[in-house]
Protein chains: 2
Amino acid sequence: MSQMQNVERQLREMILALEIGPGERLTERWIEGRFGASRTPVRAALLRLETEGLVGRDGRGWTVSPINLAELEQIAVYREAVEIAALRLTCGQADKSAIDVIEAMLDSCDENTPREEWHRVGMDFHIELARLSGNEFLFRAVRDAMTRLSRARWLEVRDETALGRAWREHRAILAATRLGQADEAARLLSAHIVGSRDRLVTSLANDRRGLRARGFAVVAA
Amino acid sequence: MSQMQNVERQLREMILALEIGPGERLTERWIEGRFGASRTPVRAALLRLETEGLVGRDGRGWTVSPINLAELEQIAVYREAVEIAALRLTCGQADKSAIDVIEAMLDSCDENTPREEWHRVGMDFHIELARLSGNEFLFRAVRDAMTRLSRARWLEVRDETALGRAWREHRAILAATRLGQADEAARLLSAHIVGSRDRLVTSLANDRRGLRARGFAVVAA
DNA sequence: GATACCAGTTTGGTATCCCAAAATGGTATC
DNA sequence: GATACCATTTTGGGATACCAAACTGGTATC
């Protein structure tokens, strides 16, 4: 694999895992040294991550995007639009066997599963569900939205109760989809997204002081 | 303005104006010479345009994305999701004065207006309407979708009848939005998008031979 | 003590160089 | 004439050099 893709992948992982804090300054030279690459692949990676919303320009330099509560609320609205559209397409399809694969993803998580895995599967559920629609644009929209939500969702994943609730809602959405009940599935998905947003925004507002103490920039709604 | 943004903007314009044909090979060295910039800004521009879907990788090199009928159909579905979501948000807003600005855009086009202007305003109508929603993600989704449609829409703009019809539909959508009639506005917008897609796909299927004769790559649905 | 100012350093933007891989084109062979 | 083969050129990926602008830290001035 090329250096370019390596730097991009590794830097993205560090940002998403909060190993580089939201709001933190980035210099091309630091990344260069950190990953043993030259500036050419570093710049390519930064340009990519900029379009993903993970880093942004701060005057002349680069900054890891802060966690932005207003953005989280806007993303929820965006998700409702694209995820429901994708789900309705999927409900209309004859072959529902692919849904079993997604259900199996959910089943793979139990009390012994590490948090990172719950976090990943919780995102992949929505991404893979959108992929089933067969619409590349809806799929990418969902994937990109989940990427932007990823860092904030580390909070949700700390809460056992919230996880159990999310998984129940996921299963209910799959059940309705399997039966082709588009309206019901859409209603459940909408409620899931809105509820998820509410829990996230509440958690973030509560933890804001703690996060700032860790040096994380959290922008209010 | 920096070279980087210049190359990006100029190259995008050449591609959207079909001055560089769909499917055409691009070399970084050619762009370098064409715009008098070095490879660093050229590569930044290519990376950006890649995320916009205007250029793509062809093995090791770069290619101007072909016009893809299957993609046009998927974009229509995507547009229905995001544009209607945005429109519903706008319908729920108290202040409707911004709609007058959009109506004025439509009014600015008459029989003396050049085709390029009709083309631009036809896209900006949808982009600016989405902007009124206040949701940055829905706005960007619509803007990016219109960018991808832009090249194919040169065909629609050649057809007087289609233009008149589109403008009437635009005005009807604005009228319903101004009254806050979300369902009616959504219905009109949906019909407009679907109709527009049908005319576009039909035109493209008919002109496909002619386009190919001009060296343009057109991929079937 | 506060502030204006200046030299030195850092940084992103750009240009250029190097390299391996791929494309090209001509030639020898059958 | 078609084809296999090889030397040459081209090309994108990467590394490095250079520059101007921004930043930093300290100093002189009031």
Side-chain angles (χ1 to χ4, degrees), chain A residues 1-16 19-66 68 212 215-217 219, chain B residues 1-16 19-66 68 212 215-217 219:
Chain A
M1 178 173 301
S2 68
Q3 277 286 20
M4 197 185 80
Q5 291 167 333
N6 252 325
V7 175
E8 180 184 334
R9 203 169 39 78
Q10 293 185 44
L11 186 56
R12 183 190 294 109
E13 267 174 34
M14 284 189 73
I15 293 174
L16 292 182
E19 292 168 28
I20 315 180
E24 205 163 316
R25 267 277 188 23
L26 285 176
T27 69
E28 297 184 355
R29 257 92 176 187
W30 178 84
I31 302 170
E32 193 180 347
R34 178 69 177 71
F35 299 107
S38 77
R39 289 181 68 201
T40 309
V42 167
R43 295 186 116 250
L46 285 169
L47 286 172
R48 283 264 168 68
L49 296 181
E50 186 187 19
T51 71
E52 296 180 25
L54 296 184
V55 304
R57 293 183 184 271
D58 172 37
R60 209 168 62 116
W62 299 93
T63 308
V64 178
S65 301
N68 186 325
R212 285 187 179 277
F216 294 171
V219 177
Chain B
M1 181 173 299
S2 68
Q3 279 286 19
M4 196 185 81
Q5 292 168 332
N6 253 327
V7 175
E8 180 185 333
R9 202 168 40 79
Q10 292 186 46
L11 186 57
R12 183 189 296 110
E13 267 174 34
M14 284 189 73
I15 292 173
L16 291 182
E19 292 168 29
I20 315 179
E24 204 163 316
R25 267 285 192 10
L26 284 176
T27 70
E28 297 182 355
R29 258 94 175 184
W30 179 83
I31 302 169
E32 195 181 346
R34 178 68 178 71
F35 299 106
S38 76
R39 288 182 67 203
T40 309
V42 167
R43 297 178 68 173
L46 285 169
L47 285 173
R48 283 264 169 68
L49 295 180
E50 186 187 20
T51 70
E52 295 180 25
L54 296 183
V55 305
R57 295 184 182 270
D58 173 38
R60 213 168 60 115
W62 298 94
T63 310
V64 178
S65 301
N68 187 325
R212 284 185 178 278
F216 294 169
V219 177

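Residue numbers start from 1 in every chain, and the chains themselves are labelled A, B, ... in the order their sequence lines are given, proteins ahead of strands.
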Practice task
Kindly write out the residues that satisfy side chain to side chain contact (heavy atoms under 4.5 Å, CB included) with A:Pro66, not counting sequence neighbours, or none if the list is empty.
Solution key: A:Ala217, A:Val219

Handout entry: Residues in side chain to side chain donor-acceptor pair (under 3.5 Å) contact with B:Arg212, at least two apart in sequence or another chain
Key = none

Completion exercise
Sorted by chain and number, sequence neighbours left out, salt bridge (charged side-chain N to carboxylate O under 4.0 Å, His left out) with B:Glu28 holds for B:Arg39, B:Arg43

Problem - DNA chain C: stems of at least 3 consecutive Watson-Crick or G-U pairs whose donor-acceptor distances fall under 3.5 Å - result: C:1-30 with D:1-30

Completion exercise
Heavy atoms of A:Ser65 and A:Gly53 approach each other most closely as OG-O, 2.8 Å

Handout entry: Distance in angstrom units between B:Arg39 CZ and C:dT16 P, rounded
Key = 12 Å

Exercise for the section: Mind checking side chain to side chain contact (heavy atoms under 4.5 Å, CB included) for B:Arg57 and listing every partner two or more places apart, or none if nothing turns up? Expected result: A:Met4, A:Arg48, B:Leu47, B:Glu50, B:Trp62

Completion exercise
Between A:Thr40 and A:Arg25, whichever has its closest DNA chain D nucleotide further toward 5' is A:Thr40

Exercise for the section: Flag the pair A:Val42 / A:Leu11 as yes when at least one side-chain heavy-atom distance between them is below 4.5 Å, and no otherwise. Expected result: no

Exercise for the section: Report which part of the nucleic acid B:Thr27 touches: base, sugar-phosphate, or nothing (heavy-atom distance under 4.0 Å, all strands). Expected result: sugar-phosphate

Handout entry: Atom-pair distance (CD1 on A:Ile31; C1' on C:dT10), nearest Å
Key = 15 Å

Practice task
Measure the distance from CZ on B:Phe35 to P on C:dA15 and round it to the nearest whole Å.
Solution key: 14 Å

Practice task
Could you pull out all residues at least two apart from B:Glu13 that satisfy side chain to side chain contact (heavy atoms under 4.5 Å, CB included)?
Solution key: B:Arg9

Practice task
Please list, by residue number, the residues of residues 50-60 of chain B whose heavy atoms come closer than 4.0 Å to an atom of DNA chain D; answer none if no residue qualifies.
Solution key: B:Arg57, B:Arg60

Practice task
Can you sort out the partners of B:Arg60 under side chain to side chain donor-acceptor pair (under 3.5 Å), two or more places apart, ordered by chain and number?
Solution key: none

Practice task
Check every strand shown and say whether A:Leu46 touches a base, only sugar-phosphate, or nothing at a heavy-atom separation below 4.0 Å.
Solution key: nothing

Practice task
Let me know the distance between CD of B:Glu28 and P of C:dA15, rounded to the nearest Å.
Solution key: 14 Å

Handout entry: With sequence neighbours excluded, residues passing side chain to side chain donor-acceptor pair (under 3.5 Å) with B:Arg12
Key = B:Glu8, B:Glu52

Handout entry: Nearest-angstrom distance from the residue atom CZ of A:Arg43 to P of C:dG12
Key = 9 Å

Fill in the blank from the handout: Under a 4.0 Å heavy-atom criterion, DNA chain D is touched by chain B from D:dT11 to D:dG14

Fill in the blank from the handout: d(A:Ile31 CD1, A:Ile20 CD1) to nearest 0.5 Å is 7.0 Å

Fill in the blank from the handout: Hits for side chain to side chain contact (heavy atoms under 4.5 Å, CB included) against A:Thr51, two or more places apart or cross-chain, chain-then-number order -> B:Thr51

